[in-house]
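Below: the structure, in structure tokens.
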Amino acid sequence: MSVRITMVGSGQLAQMMALAGIPIGYEFSFLVAPGEDTRCVDNLGQIVVLEDNESPQSLFARLGEPDVITVEKEHVDIELLTNLNKFCPVHPNPNALEKFKNRRDEKLFLQSLNIPIAPFYSVHDEGQLKNAIATLDKPIFLKSEEEGYDGYNQYKITDDNAEEVRNKLSFPSQWVAESFIPFQREISFLAARSKSGDIVFYPPVENAHHNGTLITSLAPAPNVSEEQVSTGQTYLKNIVNTLDYVGLICMECFVCDGKILVNEIAPRVHNSGHWSAKGALTSQFENHIRAVTDLPLGSTKLIGISGMLNLLGVTLSAEQASAESTFLTLYGKTVRPRRKLGHVTINGDDYNDIKSQLESLRKLAYQE
Ligand code: AMP
């Protein structure tokens with residue numbers, strides 16, 4: 001009998017995980033909110049729209065009685081997943097997902113494990129905002145506790161605009177105010193953990209952001225010391241083991257004066273691991289699917305060096321991205337400004353060559 005996986009969400013991450021699971025014989029259903037755009041997963045499995053006041057039992061039946069439920073995003077209904085967990089395993093477990101749904105909870109959790117992060121304050125009222133502005137190094141990053149990602153729902157507070165931001169905000173609302181970290185580079189660590197506790201790591205990836213959103217990745221990140229790799233992996237191992245986390249996880253970090261500070265945890269496959277679909281023996285997507293279905297994890301050995309360019313609100317034709325070691329992935333979404341429409345991966349054996357190819361494709365795609 002075929003293994004059935006329910007994916008919560010229907011975006012490009014759900015698409016790429018399904019495309020990793022279907023060739024090994026798995027079936028999928030996708031749990032979506034009313035009105036959610038399902039274009040990325042149409043034809044990849046059954047689409048099940050959430051209904052108000054439905055019992056978990058009835059929803060589980062409508063999902064096709066999956067063997068396991070997993071997620072493509074962190075903004076999920078924890079109570080719903082906890083209820084569904086009575087019928088089948090949910091990986092990562094709802095308790096782990098809850099830790100990363102709210103930035104404040106996430107930061108407190110990381111602090112409890114002695115993992116270095118940027119100094120921050122909780123901001124739940126005007127007085128706390130004033131205090132944060134007076135105390136923290138500027139520019140201050142003011143991030144919404146929930147529903148914020150890729151620089152959305154954020155303000156950068158400087159001496160010049162502090163008054164303006166204060167006037168814009170209305171309370172009650174929940175924020176974390178974070179000191180600016182004068183980092184030299186940003187890197188991410190990706191790992192998959194199986195039910196039995198085995199962990200595989202991808203090498204650290206170097207990331208560049210534009211307006212808070214990832215634009216390019218380079219894997220393996222050049223010039224990361226053995227000590228930094230080992231420190232990052234120790235942090236991530238500690239996180240997944242503490243939470244009995246099963247699946248793929250990403251830890252985004254700042255490197256500042258040689259030290260690693262964790263910015264954010266994504267309890268799912270991550271944009272900074274997309275290169276692995278073409279650049280590693282086992283992609284992050286397949287390793288997630290393997291982990292949640294209790295298969296042995298696949299090798300994370302690299303084919304060479306990979307570079308990834310995100311297509312944000314822009315696209316490229318197959319012809320424009322058709323060089324020998326260049327691979328285009330489009331998600332099939334409609335075009336909207338800043339929307340993640342696809343990415344390009346370039347493989348090679350020379351960092352400078354890959355960087356210059358990424359730059360040429362970037363100019364072409366963004367018409368700079
Ligand atoms: P986030 O939404 O937390 O993932 O932030 C998006 C990007 O904004 C990060 O990848 C950084 O480039 C930048 N950023 C966020 N927080 C800070 C900070 N405290 N100091 C410096 N840059 C930051």
Side-chain angles (χ1 to χ4, degrees), residues 73-75 96-97 99-123 132 136-157 174-191 201-219 221 224-225 228-240 242-243 245 248-274 284 308 310 340:
K73 55 188 174 184
E74 52 266 53
H75 303 293
L97 289 171
K99 287 270 181 297
F100 304 121
K101 199 180 165 188
N102 177 296
R103 281 190 194 267
R104 177 172 172 270
D105 294 347
E106 176 177 322
K107 287 177 185 295
L108 293 174
F109 171 65
L110 294 172
Q111 279 183 330
S112 77
L113 298 179
N114 290 321
I115 295 176
I117 58 173
F120 77 100
Y121 285 108
S122 255
V123 170
L136 292 170
D137 290 341
K138 302 216 185 43
I140 296 163
F141 283 78
L142 189 69
K143 304 179 179 179
S144 164
E145 269 189 12
E146 294 200 10
E147 303 294 336
Y149 65 98
D150 284 348
Y152 290 95
N153 273 333
Q154 288 188 11
Y155 294 96
K156 209 166 167 179
I157 306 179
Q174 283 79 40
W175 304 84
V176 291
E178 215 177 277
S179 273
F180 171 72
I181 301 297
F183 60 81
Q184 285 78 47
R185 58 202 301 220
E186 291 187 86
I187 60 175
S188 56
F189 290 81
L190 295 120
F201 287 99
Y202 290 88
V205 182
E206 178 162 320
N207 302 311
H209 293 80
H210 181 68
N211 290 334
T213 306
L214 183 72
I215 181 87
T216 54
S217 292
L218 206 52
V224 181
S225 69
Q228 287 169 334
V229 175
S230 139
T231 302
Q233 292 189 347
T234 304
Y235 293 160
L236 195 48
K237 201 186 274 183
N238 202 355
I239 291 167
V240 290
T242 302
L243 296 171
Y245 185 100
L248 195 119
I249 189 164
C250 175
M251 181 174 83
E252 293 182 82
C253 303
F254 302 127
V255 182
C256 191
D257 300 331
K259 296 268 174 301
I260 289 176
L261 274 85
V262 174
N263 175 35
E264 201 173 24
I265 305 291
R268 53 174 169 78
V269 293
H270 191 258
N271 200 165
S272 67
H274 286 5
Q284 61 163 348
M308 191 272 325
N310 254 351
K340 289 182 178 172

**OP:** Kindly state whether the ring of Y121 and the ring of W175 have centres lying under 6.0 angstrom apart.
**Re:** no

**OP:** Start with the C-alpha gap between T213 and K340, add the side-chain angles, then the distance that decides, and say whether side chain to side chain contact (heavy atoms under 4.5 Å, CB included) holds.
**Re:** CA-CA 10 Å; T213 306; K340 289 182 178 172; 4.0 Å; yes

Subject >> Salt-bridge contact R103-E146 (side-chain N to carboxylate O under 4.0 Å) >> reply: no

Original post:
Got a salt bridge between K99 and E106, using NZ or NE/NH1/NH2 to carboxylate O under 4.0 Å?
Top reply: no

Within this structure, what is the [atom1]-[atom2] distance for the pair [X] and [Y], rounded to the nearest 0.5 Å?
X    : Y    : atom1 : atom2 : result
I115 : L261 : CD1   : CG    : 11.0 Å
C250 : E264 : SG    : CD    : 9.0 Å
S144 : Q154 : OG    : CD    : 9.0 Å
I181 : C253 : CD1   : SG    : 12.0 Å
N207 : M308 : CG    : CE    : 7.5 Å
N271 : R268 : CG    : CZ    : 8.5 Å

Would a 4.5 Å heavy-atom cut-off, applied to side chains only, mark [X] and [Y] as touching?
X    : Y    : result
S188 : P204 : no
I249 : I239 : yes
F120 : L136 : no
N102 : Q174 : no
S179 : I117 : no
F100 : L243 : yes
E145 : V123 : no
L190 : S272 : yes

Please name the pair of heavy atoms, one in [X] and one in [Y], separated by the smallest distance, quoted to 0.1 Å.
X    : Y    : result
Q184 : D257 : OE1-N, 2.6 Å
G258 : Q228 : O-NE2, 3.0 Å
L214 : N310 : O-ND2, 2.9 Å
F189 : G232 : CZ-CA, 3.6 Å
I187 : E206 : CG2-CA, 4.2 Å

Just by distance, do the side chain of [X] and the backbone of [Y] share a donor-acceptor pair under 3.5 Å?
X    : Y    : answer
E186 : E252 : no
Y245 : L248 : yes
Q233 : S230 : no
E178 : L142 : no

Original post:
When you look at NZ of K237, are more than 12 heavy atoms from neighbouring residues, nucleotides or ligands closer to it than 6.0 Å?
Top reply: no

Subject >> H210 atom NE2, neighbour heavy-atom count above 12 within 6.0 Å >> reply: no

**OP:** Please report the C-alpha distance between I140 and K156 in whole Å, then the side-chain angles of each, then the deciding distance to 0.1 Å, and finally whether the side chain to side chain contact (heavy atoms under 4.5 Å, CB included) criterion is met.
**Re:** CA-CA 6 Å; I140 296 163; K156 209 166 167 179; over 6 Å; no

**OP:** Apply side chain to side chain contact (heavy atoms under 4.5 Å, CB included) to the pair Y235 and L113, showing each step before the final yes or no.
**Re:** CA-CA 8 Å; Y235 293 160; L113 298 179; over 6 Å; no

Subject >> side chain to side chain contact (heavy atoms under 4.5 Å, CB included) partner of P267, the single match among K73, E74, K101 >> reply: E74

Original post:
How are the rings of F254 and F183 set to each other: parallel, tilted or perpendicular (split at 30° and 60°)?
Top reply: parallel

